[in-house]
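Taking it in order: structure first as structure tokens, then the write-up.
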Amino acid sequence: MKLSKHGYFYLIWMAIFIAIPLFMVAYLAFTSGDSQSISLANFSLENFKRFFTPMYLEVLKKSIQLAFISTIICFLLGYPVAYIISKAKLKNRNILILLFVIPMWMNFLLRTYAWLTLLGKNGIINLLITKLGFQPLDLLYNDTAVLLGMVYNFLPFMVLPIFSVLTKMDNSLIEASWDLGANKLKTFLKVIFPLSLPGVLSGVTMVFIPAVSTFVISSLLGGNKTYLIGNLIEQQFRYTGDWHFGSAMSIILMVFILISMALTSKFDKDKEGDVSGLW
Amino acid sequence: MAKVHTIDLINLSKKFGEDLVLDNMNLYIRQNEFLTLLGPSGCGKTTTLRIIGGFENPTEGKVVFEGNDITGLPPYLRQINTVFQRYALFPHLNVFENIAFGLKIKKKSNEEIKKKVTQMLELVNLAGFEKRNIESLSGGQQQRIAIARALVNEPKVLLLDEPLGALDLKLRKEMQIELKKMQQSVGITFIYVTHDQEEALTMSDTVVVMDKGKIQQIGTPIDIYNEPQNRFVAQFIGESNILDGIMEKDFKVWFLSKEFICVDKGFDKDEKVDVVIRPEDVEIVEEDKAQLMGIVKNVLFKGVHYEMEVQTNDYTWKIHSTIMKDAGSYVGLRIVPDNIHVMRKEK
Ligand SMILES: Nc1ncnc2c1ncn2[C@@H]1O[C@H](COP(=O)(O)OP(=O)(O)OP(=O)(O)O)[C@@H](O)[C@H]1O
Ligand SMILES: [Mg+2]
């Protein structure tokens with residue numbers, strides 16, 4: 001294969017920023033010893049064995065559960081939003097989609113911190129509730145708060161790809177469906193929705209992956225109640241100093257994500273004939 | 001009782017914003033008729049078809065289907081099907097599922113669906129294509145699937161918007177013949193849109209010539225060709241020599257500073273008129289029999305005839321003749337009264 005100048009540039013880029021780090025993570029995962037002196041480490045499967053114990057598996061299960069639920073909520077909220085915006089007049093459409101994107105320009109941490117002020121013991125919502133004469137609620141530091149944070153942060157990633165498929169959809173296909181006797185609901189179910197599946201698939205991918213590996217949202221909004229695989233990995237690198245175990249967990253998470261994405265796109269391909277998904 | 005028309009368009013007007021796209025259109029379409037809307041790009045053909053199909057609402061006027069007003073009725077409640085310009089086949093369904101779409105919506109039984117789809121595939125000469133992917137079909141095949149998908153619903157009316165526009169010339173000619181055969185064998189009303197005048201003339205029972213949102217002439221292909229009602233139709237259909245003339249009195253028209261005998265009457269005295277003469281109606285004759293003399297400017301051999309341009313005083317004639325004359329030769333021209341078409345000038 002002959003590569004252009006740009007080709008070489010990307011190759012070097014990928015080597016530095018993807019291949020080498022990945023290799024280092026894999027190396028660390030399959031070795032054990034003192035993290036500070038990498039060269040002395042020797043091959044071992046100890047880190048993986050350690051992970052497959054009930055305590056850690058529970059954390060993985062919880063992460064997957066929350067990521068799964070938040071992906072579904074994002075889909076249920078995001079699809080109608082994307083659909084409505086895609087049906088709006090061209091002028092309004094761009095404004096509406098901009099409204100959705102603008103919050104994403106703000107710092108991710110800042111946005112998540114904002115929820116602390118809203119949900120906290122003396123936060124704005126509880127202030128209102130007490131003003132109305134009710135007992136303040138425990139809104140923060142639970143799974144629901146984490147879910148809320150995930151949905152809030154990742155919803156645009158669901159809306160945008162679906163919106164993009166829907167606006168690009170050939171309107172004459174919709175008219176053809178009406179023409180053949182399908183009313184608006186049937187047209188949606190039999191034509192619009194199936195044709196928008198590639199967008200749904202990218203949306204699901206783009207929400208699920210960051211949700212399953214997040215540690216910021218869970219540590220800010222979940223406190224120590226909601227402990228996810230992301231937190232576990234972060235802990236190994238930042239506090240415990242066990243880079244080997246942290247790397248092993250990263251690899252496990254990565255493999256899990258790869259498998260689940262492969263399954264999703266296979267499901268999509270089965271239904272779609274040969275719509276080219278992510279794979 | 002007068003027979004009810006399949007479709008009546010009554011005082012139909014359509015505005016997009018301030019643009020008047022259809023201007024007070026009146027038209028009826030009989031059962032089993034092959035009617036073609038013909039006109040230059042942007043004259044409102046597609047808009048007319050979309051109003052009949054229910055995809056667009058008229059600004060004014062009514063669409064009447066077998067005597068019932070259906071203006072405002074959504075497309076899925078009309079007994080009309082459409083073959084879209086770019087086919088609009090569903091890419092997520094295979095050939096069978098595409099054709100079966102309308103039948104499934106109508107909840108027909110599986111056996112019936114299977115039987116009808118198979119029949120349709122035979123009709124369009126694509127038996128055995130059930131499992132094929134839409135993207136794997138050629139343009140002509142997709143086009144036939146689109147027709148099958150519409151026809152399988154046994155509509156009273158089939159709307160076709162330039163269905164052959166994307167095909168190459170040879171396939172186009174073949175499909176013209178096939179389409180006409182299909183229309184005759186299934187016996188339904190076709191409303192066909194094209195801007196190709198040859199296509200319109202060969203396929204239709206009735207041709208509607210449109211320009212700028214207005215109907216210019218309605219008639220059989222022969223009428224339209226032989227008796228164009230105005231300058232636009234004459235110019236648009238086939239080639240024509242169009243000259244400014246003055247109608248001296250009945251059966252006497254004056255053009256190119258000469259008096260000619262014609263078969264038209266009923267004009268005002270000395271009314272200004274357009275005189276239309278088809279290129280094949282100008283005879284090349286000896287000088288003693290000639291009404292006009294001219295010099296041949298150029299000659300092209302066109303297989304059956306020669307196409308030439310002959311310059312007389314003030315006018316260059318387009319002439320089709322089987323007689324060969326060299327460029328530069330001096331020739332006589334003659335036009336028999338029957339072939340001189342006099343028409344009123346448009347205001
Ligand atoms: N949705 C629309 N909004 C605004 N103007 C439109 C719309 N649809 C059509 N027009 C205008 O109406 C006029 C007639 O369009 P129409 O599509 O009916 O023409 P047509 O005869 O089918 O032409 P063609 O042979 O190019 O397909 C054109 O000037 C077009 O720009
Ligand atoms: Mg058109």
Subject >> Contacts of type ring-ring contact (aromatic ring centres under 6.0 Å, His included), residue His5(B), not counting sequence neighbours >> reply: Tyr28(B)
Subject >> Contact class of Ser177(A) relative to chain B, heavy atoms under 4.5 angstrom >> reply: both
Original post:
Would you say the side-chain atoms of Asn125(B) and Arg144(B) include a donor-acceptor pair closer than 3.5 Å?
Top reply: no
Original post:
Among residues 78-86 of chain B, which residues come closer than 4.5 Å to chain A, judged by heavy atom distances?
Top reply: Ile80(B), Asn81(B), Thr82(B), Phe84(B)
**OP:** Under 4.5 Å heavy-atom distance to chain A, tell me which part of Leu159(B) shows up: side chain, backbone, both or neither.
**Re:** neither
Original post:
Any sub-3.5 Å donor-acceptor pair from Asn26(B)'s side-chain atoms to Asn11(B)'s backbone N or O?
Top reply: yes
Original post:
So does Lys116(B) pair up with Glu112(B), basic N to acidic O under 4.0 Å?
Top reply: yes
Subject >> Enclosure of Lys87(A) NZ (heavy-atom neighbours >12, cutoff 6.0 Å) >> reply: yes
Original post:
In terms of side-chain geometry, is the basic nitrogen of Arg172(B) or Glu199(B) positioned less than 4.0 Å from the acidic oxygen of its partner?
Top reply: yes
Subject >> chain B contact via Asn183(A) - side chain, backbone, both or neither, heavy atoms under 4.5 Å >> reply: both
Original post:
For the candidates Gly102(B), Ala88(B), Ala146(B), Pro155(B), which exhibits the highest count of non-hydrogen atom pairs separated by less than 4.5 Å from chain A?
Top reply: Ala88(B)
Subject >> Flag for Asp196(B)-Thr194(B): side-chain donor and acceptor within less than 3.5 Å >> reply: no
**OP:** Any chance you could lay out the side chain to side chain contact (heavy atoms under 4.5 Å, CB included) test for Leu151(B) and Ile188(B), step after step, and finish with the verdict?
**Re:** CA-CA 9 Å; Leu151(B) 279 182; Ile188(B) 54 174; 3.2 Å; yes
